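Everything numeric in this text was worked out from a predicted model, so none of it was measured. Chain letters run A, B, ... following the sequence lines, proteins first and then strands; every chain starts at 1.
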Protein chains: 2
Amino acid sequence: MSHIKLLKNHTLKATPQRLCILDTLQECGHATLEDVQKIISKKFPTLSLSTIYRNLNEMLQKDIVSEVKIANKKDYFELKKDKHVHLVCQNCGKIEDFEIATDDISKQIEAQTGDKVLNDTLYFDVICKDCLSAK
Amino acid sequence: MSHIKLLKNHTLKATPQRLCILDTLQECGHATLEDVQKIISKKFPTLSLSTIYRNLNEMLQKDIVSEVKIANKKDYFELKKDKHVHLVCQNCGKIEDFEIATDDISKQIEAQTGDKVLNDTLYFDVICKDCLSAK
DNA sequence: TATTATTTGCAAAAAATTAGCAATTATGCT
DNA sequence: AGCATAATTGCTAATTTTTTGCAAATAATA
């Protein structure tokens, strides 16, 4: 879906500022606020910091964007996408997405706890293929 | 291990302030900085906020304490413990720990990506048993 | 119990985030 | 296309959160 449509579907006006933020997240995959700020300051130098804050917060609330929170790292933002797992390379820092079925593990939890599992968020610390082969 | 020993093993003096912070985390299981601050202000009213910050940071670095970062929630702290999964009740907010083997899923990732998996952090959104039965 | 290097508490600085408001702009309607 | 209007922006200032510097206090050691 185009970013313009995405915004309109959530009753947000399709301003150039918002489109720029969405484009940036799309390009980066995962970006910290600092990343977003730096990249945008080149593409769109007049876009103010408070606009970035305001819009990321709005988009989080409207579920257009989600937070990726990794221990010992700054928070990242990403465009909302299908359920996936994050692979965080401990060597180069890169974050890859990976799709994986987690039903088995959810069922196991339900069976053993009596809780109902609604959703999950998984992170794996890895050494990525590229870093492995570079050694 | 006693908290005193724990600190000494990491070349940290066993001050009453530090012991109070560790006790608080132990009692709470998972506590935000705000939680820690509130609870401590009762137990130990003269313990200053900067001491809390300084010590949590030190203990994170020394791996005595770890961060629990959940999307759309404040960061939590917990005493370092054996590998476990967090079950976050979407109704009451409670965080439970759960031990589960994740080897299968790690192997699957390794097979499909060529990455080497070192460790993992998993969160599950749940409705906990208590909230389920209260409905 | 005396010595010393650490640690604490306070106050002040720095960094991060949010709020208020006039000027601007995207959208929907003629 | 041009207008009206409500939403949005960019600015500056206010808050909130986190870190720092330093004198006084304290835990660990001999």
Side-chain angles (χ1 to χ4, degrees), chain A residues 1-24 31-62 64-65 67-77, chain B residues 1-25 31-62 64-77:
Chain A
M1 186 171 18
S2 79
H3 290 162
I4 294 182
K5 256 197 179 155
L6 181 66
L7 290 169
K8 294 199 175 164
N9 286 349
H10 289 85
T11 66
L12 292 172
K13 286 189 182 175
T15 64
Q17 289 87 342
R18 281 178 180 147
L19 292 169
C20 181
I21 293 171
L22 290 174
D23 290 348
T24 302
T32 63
L33 193 119
E34 213 184 335
D35 295 337
V36 172
Q37 205 191 153
K38 269 190 197 150
I39 293 168
I40 283 183
S41 74
K42 290 180 189 166
K43 292 203 238 183
F44 195 152
T46 63
L47 203 169
S48 79
L49 184 55
S50 58
T51 296
I52 297 176
Y53 272 108
R54 251 187 318 224
N55 282 299
L56 285 175
N57 284 336
E58 268 170 350
M59 291 174 184
L60 281 173
Q61 290 208 321
K62 304 229 171 187
I64 294 174
V65 160
E67 280 182 302
V68 179
K69 304 188 83 175
I70 300 174
N72 310 317
K73 291 198 142 204
K74 292 219 178 117
D75 296 348
Y76 289 81
F77 298 91
Chain B
M1 187 172 16
S2 80
H3 290 163
I4 293 181
K5 256 196 179 155
L6 180 67
L7 289 169
K8 295 199 175 164
N9 286 350
H10 290 85
T11 64
L12 292 173
K13 284 189 184 178
T15 64
Q17 289 87 339
R18 282 177 178 148
L19 292 169
C20 181
I21 291 171
L22 290 174
D23 289 349
T24 302
L25 290 181
T32 63
L33 192 121
E34 212 186 336
D35 294 338
V36 171
Q37 203 191 154
K38 270 191 195 148
I39 293 167
I40 284 183
S41 75
K42 290 179 188 166
K43 292 203 236 181
F44 195 150
T46 63
L47 202 170
S48 80
L49 184 55
S50 59
T51 297
I52 297 175
Y53 272 107
R54 251 185 319 224
N55 281 300
L56 285 175
N57 284 337
E58 267 169 352
M59 290 174 185
L60 282 173
Q61 290 208 320
K62 303 229 171 186
I64 294 175
V65 160
S66 43
E67 280 182 302
V68 179
K69 303 187 82 175
I70 300 174
N72 310 314
K73 292 197 143 205
K74 293 218 177 117
D75 295 348
Y76 289 80
F77 298 91

Visitor: Looking only at side-chain N and O atoms, does B:Thr15 come under 4.0 Å of OP1 or OP2 in D:dA27?
Guide: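 No, outside the criterion.
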Visitor: Just checking A:Ser50: base, sugar-phosphate only, or nothing, at a heavy-atom cut-off of under 4.0 Å?
Guide: base
Visitor: Determine the minimum heavy-atom distance between A:Tyr76 and A:Asp35, stating which atoms define it.
Guide: CE2-OD2, 4.4 Å
Visitor: Give a yes or no on whether A:Lys43 atom NZ has more than 12 heavy-atom contacts from other residues, nucleotides or ligands under 6.0 Å away.
Guide: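 Above 12, so yes.
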Visitor: Tell me whether A:Lys74 contacts the main-chain N or O of A:Leu33 through its side chain, where contact means a donor paired with an acceptor under 3.5 Å.
Guide: no
Visitor: Rounding to a whole Å, what distance do you find between B:Glu58:CD and D:dT18:P?
Guide: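 Result: 17 Å.
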Visitor: With a sphere of 6.0 Å drawn around NZ of B:Lys73, does it hold more than 12 non-hydrogen atoms of other residues, nucleotides or ligands?
Guide: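 More than 12 heavy atoms, drawn from other residues, nucleotides or ligands, come within 6.0 Å of this atom.
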Visitor: Among B:Thr51, B:Asn55, B:Asp23, whose side-chain hydrogen bond (donor to acceptor under 3.5 Å, both in side chains) with B:Arg18 holds?
Guide: B:Asn55
Visitor: How many whole angstroms separate atom CG of A:Asn57 from atom P of D:dT9?
Guide: 13 Å
Visitor: Does OP1 or OP2 of D:dT8 have a side-chain N or O of A:Asn55 closer than 4.0 Å?
Guide: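 Result: no.
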Visitor: Return the minimal non-hydrogen interatomic distance between B:Ala14 and B:Ile4, and the atom names on each side.
Guide: CB-CG2, 4.0 Å
Visitor: For DNA chain C, note the earliest and the latest nucleotide, 5' to 3', having some atom under 4.0 Å of a heavy atom belonging to chain A.
Guide: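 Boundary nucleotides touching chain A, in 5' to 3' order, are C:dA16 to C:dT27.
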Visitor: Assess the side chains of A:Thr11 and A:Lys62: does a donor N or O sit below 3.5 Å from an acceptor N or O?
Guide: yes
Visitor: In whole Å, what is the span from the NZ atom of B:Lys8 to the C1' atom of D:dA27?
Guide: 8 Å
Visitor: Tell me: CD of B:Gln37 to C1' of D:dT17, nearest whole Å?
Guide: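 It is 10 Å, rounded to the nearest whole Å.
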Visitor: Considering heavy-atom distances to DNA chain D, does A:Thr46 or B:Leu33 have its closest nucleotide positioned more toward the 5' end?
Guide: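 Upstream on the strand: A:Thr46.
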Visitor: To the nearest angstrom, how far is A:Gln17 atom CD from D:dC11 atom P?
Guide: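 Between P of D:dC11 and CD of A:Gln17: 11 Å.
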Visitor: So A:Leu7 and A:Met59, do their side chains get closer than 4.5 Å, heavy atoms only?
Guide: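 Yes; the side chains approach each other to less than 4.5 Å.
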Visitor: Between B:Leu49 (CG) and D:dT17 (P), how many Å, whole number?
Guide: 10 Å
Visitor: So, do B:Val65 and B:Ile21 sit near enough that their side-chain heavy atoms are less than 4.5 Å apart?
Guide: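 They are not in contact (no side-chain heavy atoms under 4.5 Å apart), so the answer is no.
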Visitor: Please enumerate all protein N or O atoms sitting under 3.5 Å from an N or O of nucleotides 1-7 of chain D, with distances to 0.1 Å.
Guide:
residue	atom	partner	partner atom	Å
D:dA7	O4'	A:Lys13	NZ	3.4

Visitor: Could you tell me the separation between the CG atom of B:Leu47 and the P atom of D:dT26, rounded to a whole number of Å?
Guide: 13 Å
Visitor: Please report the distance, rounded to the nearest Å, between CD1 in A:Ile52 and C1' in D:dG10.
Guide: 12 Å
